[in-house]
Structure formats: structure tokens, C-alpha cells
Amino acid sequence: MNKFTILISKELALSQTGVANTLALLEEGATIPFIARYRKEKTGGMDEVQIGKINDMNEQLKAIAKRKETICKTINDLGKMTPELQQRIDHCWDATELEDIYLPYKPKRRTRAQVAREQGLEPLAMTIMMQRERDIRMVARRFVNGDVKDVEMALKGAQDIIAETVSENEQTRQQLRNTFLREAQISSKVVKAKKDSDDAVKYSDYFDFTEPLRRCTGNRLLAMRRGENEGFLKVSISIDDEQAINRLKRHYVRGYGDCATLVAEAVEDSYKRLLAPSIENEIATISKQKADEEAIAVFSENLRQLLLAAPLGQKRVMGVDPGIRTGCKVVCLDAQGNLLYHDVVYPFPPKGAKATALSRFRDIATRYQVEAIAVGNGTASRETTDIVRETDIPVFVVSEDGASIYSASKIAREEFPDEDVTVRGAVSIGRRLMDPLAELVKIDPKSIGVGQYQHDVDQAKLKKSLDQTVESCVNLVGVNVNTASKHLLTYVSGLGPALAQNIVDYRRVNGAFTSRAQLKKVPRLGATAYEQCAGFLRIPNAKNPLDDSAVHPESYKIVEQMAKDSHCTVTELVKDKQRQQDIDIHQYVTADIGIPTLSDIMKELEKPGRDPRGAAETFEFDPRVHEIGDLQVGMTLPGIITNITKFGAFVDIGVHQDGLVHVSKLANRYISDPNEVVKLHQHVTVLVTEVDTQRHRISLSMRDVS
């Protein structure tokens, strides 16, 4: 076992064999969804989360190893490497500890201590630190020469060296770091010059705010940091300076006398000038990283739920992008999502009226045999929904977050080069109802509207997490290779933009794929890519029913043997539940295929090509409320979960302003994570507990609500 395997296994409490096999598969280019789905025997049944953590920790360890190379080279070039120091570096795999070890040797700008060393004052500093000399001023006279004008200057230079030495001491830094982690307070104050500006009001909760850093939630920290970045707040992290200085003095100051006094002064200077600012910055970075991770996790989970929202399926859909002054943009799509017709209907004054608009909606729906209507949830959504519901066609309210981004994108221009942005946006709304996953992969996840401070977090980490989430969802559901866009195919395990385009090009020239094996004819789709992608691509109505299932082609022979032993064809086996139940999977175990894979195969034979997302449901708001002014405390209303954060869930109750159910009001019991009790787009019943029309804030509760 290599070092990384042992470290990862210990940190994540996973078997060394499973970790080693997983790392080997990742090194070979296998994707996380492929490993989780088709290599359970090698991993010991690890899920995508565990495999993702192994991959992340492996990347972190690689980065630390690379950093070690730089550090060792620097120390060796200085001629200060010792066997003991080399051993400490070799055995250190904590990034913070590694930097503490390196700090005394790290090239730095010309500090006061460095100037003092150049003046030959380091021996004097060491003498003072030992605190044995009774007359240190007499000793200091020996260092007065050239640039050192007098005893005072010599002592001051020596104190600068002591201060830097203290600030670079590993134990000292760790002690202070722990103090900050235990005791630090985070505070924010309003910038007086901007207190009365209109934009500052959104940060009014933080104009004079203080709480223990360890209790500060990620959303509050990110809110303060955003206010700071925008110039409205001043944010600081601090501890009790006097107590911290006294702790350091007890460690460094021994006895009494001039030397002890000089050391005490140097320690206090070290703390104020070097240590405290350095550790505060470090803790600020750590707390921001923790808040980022929390926000990214929230965003990724919301995105997962959004992408896995129940699809309506292949139905003829009318997509409506509501508008008052500009009218409702209306499109009709066929069962494959192709645009059949578009128009603008004006249901509202001054250009139109409800009765005329309803008649127009009915005419269009009849002409194009519309089976469902998707209405965007933006401006005038509620009013438009009330009108189209009278067509007696099922109506679904669809989130239009990101639709405008899509409509102006290169992807939309490629799909609809002859249509304007309003038509493209309405098409996106309609397609989101038919298949949310297939449509939303075309939009930057940050624009979908389900994040928490997504623009304030580390963008590289956010992109990586969201890309992994999209990839996971796409491969969980599976993709119809004959209807999927290149954007959807891009996220299939083993493909990517180039191969996705090649599949689309091949399909356009040669017609629909009739078997998975035909994928091997796609240009540049080699054996490795085929292995990675085949199990996630579906071919409905293929001659081999397994081509429309999650059974991997590498396992077809096993199913064929099962069918042969059951005296039937594979097609007959798929249709015959009793024959499936009579199979003893233990007799098909081999050196490469075990019970986990065989169990998965049997689940697929039972329901080949099943969609894990469920079915879409219609929803109606309470007819009593249309505006925030219609709300009254005590009302019980139906709503739809639109966003989930660590501090609660936002609910659309049909008044153009989402209400918040705080995490403490989501259930009759304590919960730490809103996802324990609610999911995105879930239909819920809420109680109105507070309405602030001036600040447009609505407080809701789900406690004791049936």
C-alpha cells in the first residue's frame, strides 16, 4: 500500500483495499459514477460520495507533496536542511503544520528582524532570550558598531529578532491558533459614511453585530463578508488580547530583571505586530473556507434535487413566459420538445383582456393538441396561471430562473437561430416541464437560482462541485442516446464535449442508434470511452432489451446465461417476473462479478430503464391571496419549496414574494438540516406567522400544520 492509500483509508475510515482499488481506477481514467455503479466488487460497495472524498483527498495530498518538494529545495538551497528536519517534513501531511515548519526558512521581504541580523545582533537576541545576564546593557555595548549607533539601537534590534522568532515558533502559533478557534469573536460595524444609503439597508442586521466565531453560521459569515466587500461593513475577528499576551509571556519570560523585561516587551510586540494579524488572517481564511464548503454543499444538494425533479415526459406542451405590459410569450412543443408554434397573448390591460386571452389560449391548445401547460413563475405568473387553468388542461408552474440566461446563450442561438430571446425563453420553460434534467444542463448552474451566496464562494470549488452534481444526476437517470442534446451527452460518463458532438453528428448522418454496440462506430469513441459510457446510454425499442437498461454490456453474457439456464430468451426473461425470481444469483458469481453487481442486474431485469425521478404533479395556490397585502397572520396556505438554505426553506405561496420557514419552524422536532424534512419543489402547507410589507418579508411555519 502506498502512503496516500494508508492516509486516505485512515482519515475516511475506509478499507485500504477499497481505497487502493478506487485510486487505481481513478488513475486509469474511470469516472466516479462508473466506479460507483459498475465496480462495486473492487471498491467494496462505496457510493459516489465516498469515492468523491477519496478523489478530493488524493488531490489534496498530491498538492501537499508538490509543496513539500518546493519547501525541501528552498531549505536545501539555504544549506539548513538537517536529517531531523527532513524527517519532520516527510512525515507531515497537514498543510497548516507544514507551513509552520517552513516559516523560519521561508524567503520573506526585508523585515526589521532581518535588518537586525544583518547588523550582527542575533547573538545578542539569543543571549537576551536565555535571560541569564544581569547587566545586558554591558553585553549590548559589544554590538555597537557601524550601523548600530548605540546600546538602545542594539537592544531594539535584538528585540525585533526575538519578536520574529516568537512569531515563527510552531508551538506558539498552534497555541494561539487554538485560542482563536476556541474564543474568537467575529464583529461587524457599519461604515458610517454609508449607513444611510439605500443599498446598506440589506445589511442592517450587521451594523453592530458580535458573536462567537464558532457559533457563526456560514450564511451569516458570508453575508458579513459580502457587506465588507461592498464597502458597507468593517469585519474583524479577535480574542482577548491581554489574556493572550499574558499566556505568551508565561511561556517565554522567566524571572525578573532587564532581560525578562526586554523579552516581555518583544513578546507583546510579536503578538500585536506579527502573530495576531497573521493568525487572524489565517482564521478568517479558514472560517471563510468552511462557510464556502457549507454553501457549496447546500447549492449542490439543491441543484441535485432540481435536476432530479419529476419530469412530465413526452407530452405535447404549451410553454408560457408570463408578462403584463409585453404580454405572455407562448410556444407549443411536440412530444420531443421541437418548436411547432409561437405567439404573444395579451391577457392584461392596456393591450388585452382576460376573456380574449382565454379564448386565444384555448384555440392554440386545441390546434396543437396540447396535453399540458407550463407557466413560468416570474412576473404575472399567478395571474396567468389563474387564466390558463380555465382551459381545463393540466397546468404546472415551472421555475424560470436562468431561462433568460439560456435564451441569450450560444446554445440557444444554435438551437433556434431564427427566433428571438423571448421565444427561446418560453421554449426553455416548456421543456423544463417535459424533462428538467435535459433542459437545465444547458444553463450555468449558478444562474438556476437555488444557491446560497453562490457568487461569494470559491468559484473553482463551486464549479467542480456543481459539475460533479450534474454528472452524477445525468448518469443516475440515464440518457436516451437517440434524443439527447450534445449538452446532455457531454455529462455522460466517459464522454465530454468532443465525443458528445461526434455522437450527435453520427446520429444525424446514419439515423438513430439501434444498439449500444453501434456506439463503437462513432469517430474517436474508443474502447475506454465505450466502457465508461455504454451503461448510462439508453436505446429504447432496441432489439436487445438490455440496451435500454442500466445493465452494462460487459454483463450481457451473464444475463444471456441466466436466460439459457431458464430455457428462454433474454426478452422473455425481462418480461417474466417469475423466471427472474427463480434465479439463484449465487451460481453466477465469478472472480470478477460478485453479489453486488448481480443484485443490480436483477433489479434492472425487474424494471429495465426505469426513471428514478417519479412523476410531475399539478399545484394550485390559495385563491384568497394574490399580493402580499392579502396575507393575514394565522392563514394556512399551500406553497411550493423554491430554495433550501442551512437556515431554512423559502416557499412560494403565490404573492410574488417567497416566505421563509426558519429551520426551527420546519418540524415539531429539532432538526439540524432542512433537507431532513423538505425537498426542493415539494408541495407543502404553511402557516403565516409574520408579514412585513415594508421590508417585503414573510415569516412562515410548518409546525403543527396539517
Side-chain angles (χ1 to χ4, degrees), residues 198-207 209 217-220 222-223 226-227 295 298-299 302 305-306 322 324 375-386 396-401 448-454 618-671 673-706:
D198 293 339
D199 292 331
V201 68
K202 58 187 174 183
Y203 299 112
S204 58
D205 291 344
Y206 304 104
F207 280 2
F209 179 86
T217 60
N219 61 285
R220 288 203 293 271
L222 290 174
R226 177 187 286 182
V298 167
F299 197 160
N302 282 353
Q305 293 179 29
L306 189 65
I324 296 177
V375 180
N377 68 343
T379 304
S381 171
R382 179 66 189 282
E383 296 82 354
T384 304
T385 300
D386 289 344
F396 300 81
V397 177
V398 178
S399 169
E400 60 181 53
D401 284 323
I448 296 178
V450 293
Q452 178 186 358
Y453 298 100
Q454 61 263 36
T618 58
F619 174 86
E620 288 189 41
F621 291 114
D622 191 305
R624 295 175 297 169
V625 298
H626 291 78
E627 304 289 342
I628 191 170
D630 297 332
L631 296 177
Q632 294 180 12
V633 172
M635 276 184 165
T636 300
L637 304 169
I640 301 175
I641 304 287
T642 58
N643 200 0
I644 299 174
T645 69
K646 290 296 287 186
F647 56 85
F650 288 92
V651 182
D652 182 358
I653 53 176
V655 296
H656 309 295
Q657 175 65 51
D658 289 354
L660 172 66
V661 183
H662 190 267
V663 64
S664 63
K665 300 292 181 64
L666 280 169
N668 292 327
R669 58 183 176 84
Y670 171 78
I671 60 170
D673 182 356
N675 284 291
E676 293 177 35
V677 292
V678 293
K679 298 298 178 187
L680 207 62
H681 290 177
Q682 179 180 335
H683 298 175
V684 296
T685 302
V686 295
L687 176 71
V688 179
T689 60
E690 186 180 345
V691 181
D692 185 342
T693 54
Q694 187 172 12
R695 299 175 74 184
H696 294 281
R697 290 188 179 181
I698 304 167
S699 297
L700 306 170
S701 174
M702 288 173 55
R703 296 179 64 177
D704 301 314
V705 179
S706 58

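- Taking 4.5 Å as the limit, every side-chain heavy atom of Thr217 sits out of range of all side-chain heavy atoms of Phe647.
- For the pair Phe650/Thr645, a side-chain contact is recorded, criterion being any heavy-atom separation below 4.5 Å from C-beta on.
- Here CD of Glu620 is found 8.5 Å from CG of Asp386. Values are rounded to the nearest 0.5 Å.
- In this structure a side-chain-to-backbone donor-acceptor pair under 3.5 Å is present from Arg382 to Gly654.
- Looking at heavy atoms from C-beta onward, Ile653 lies out of side-chain contact with Val625 at the 4.5 angstrom threshold.
- Across every non-hydrogen atom of Phe207 and Tyr203, the tightest pair is CD1-O, 3.3 Å.
- With sequence neighbours excluded, no residue forms a salt bridge (charged side-chain N to carboxylate O under 4.0 Å, His left out) with Asp673.
- Residues Arg226 and Lys202 form no side-chain contact, since every pair of their non-hydrogen atoms from C-beta on lies 4.5 Å or further apart.
- Under the 4.5 Å side-chain criterion, counting only non-hydrogen atoms from C-beta, Asn675 is in contact with Gln305.
- Using a 4.5 Å heavy-atom threshold, the side chains of Leu700 and Lys665 count as separate.
- Side-chain contact check for His683 versus Ile640: some heavy-atom pair is nearer than 4.5 Å.
- To the nearest 0.5 angstrom, Arg697 atom CZ is 11.5 Å from Ile628 atom CD1.
- Residues Ile324 and Ala380 come closest through the heavy atom pair CG1-CB, 3.5 Å.
- Here Glu383 pairs with His656 under the side chain to side chain donor-acceptor pair (under 3.5 Å) rule; sequence neighbours left out.
- Residues passing the salt bridge (charged side-chain N to carboxylate O under 4.0 Å, His left out) test with Asp658, sequence neighbours excluded: none.
- Asp692 contributes atom CG, which lies 10.5 Å from atom CD of Gln657 (distance to the nearest 0.5 angstrom).
- Across all non-hydrogen atoms, the minimal contact from Gly639 to Val651 is CA-CG1, 3.7 Å.
- The structure places CD of Gln682 at 6.0 Å from CD1 of Ile641, a figure rounded to the nearest 0.5 Å.
- Residues Val677 and Ala667 share a closest heavy-atom pair of CG1-CB, 4.2 Å.
- Rounded to the nearest 0.5 Å, atoms CG (Asp630) and CE (Met635) are 7.0 Å apart.
- Listed for the Asp704 side chain is no donor-acceptor partner under 3.5 Å among the backbone atoms of Asn668.
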Residue pair Thr636, Val705: steps toward the side-chain contact (heavy atoms from CB on, under 4.5 Å) verdict:
CA-CA 8 Å; Thr636 300; Val705 179; 4.0 Å; yes

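- The backbone N or O of Ser699 lies less than 3.5 Å from a partner atom in the side chain of Thr689, making a donor-acceptor pair.
- Atom CG of Leu306 sits about 11.0 Å away from atom OG1 of Thr642, to the nearest 0.5 Å.
- Here the closest non-hydrogen pair linking Met702 and Thr685 is CG-O, 3.8 Å.
- With a 4.5 Å cut-off on side-chain heavy atoms, Pro322 and Thr379 do not count as touching.
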Leu666 vs Glu676, test: side-chain contact (heavy atoms from CB on, under 4.5 Å). Steps then yes/no.
CA-CA 10 Å; Leu666 280 169; Glu676 293 177 35; over 6 Å; no

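- Checked by atom type and distance alone, the side chain of Glu400 pairs as donor or acceptor with a backbone atom of Gly378 at under 3.5 Å.
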In sequence, state the C-alpha distance, the side-chain angles, and the governing distance for Val298 and Ile644, and then conclude on side-chain contact (heavy atoms from CB on, under 4.5 Å).
CA-CA 7 Å; Val298 167; Ile644 299 174; 5.6 Å; no

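- No donor-acceptor distance shorter than 3.5 angstrom exists from the side chain of Asn377 to the backbone of Val397, with no hydrogens or angles considered.
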When you look at Arg220 and Tyr206, which way does the side-chain contact (heavy atoms from CB on, under 4.5 Å) test go after all the steps?
CA-CA 9 Å; Arg220 288 203 293 271; Tyr206 304 104; 3.4 Å; yes

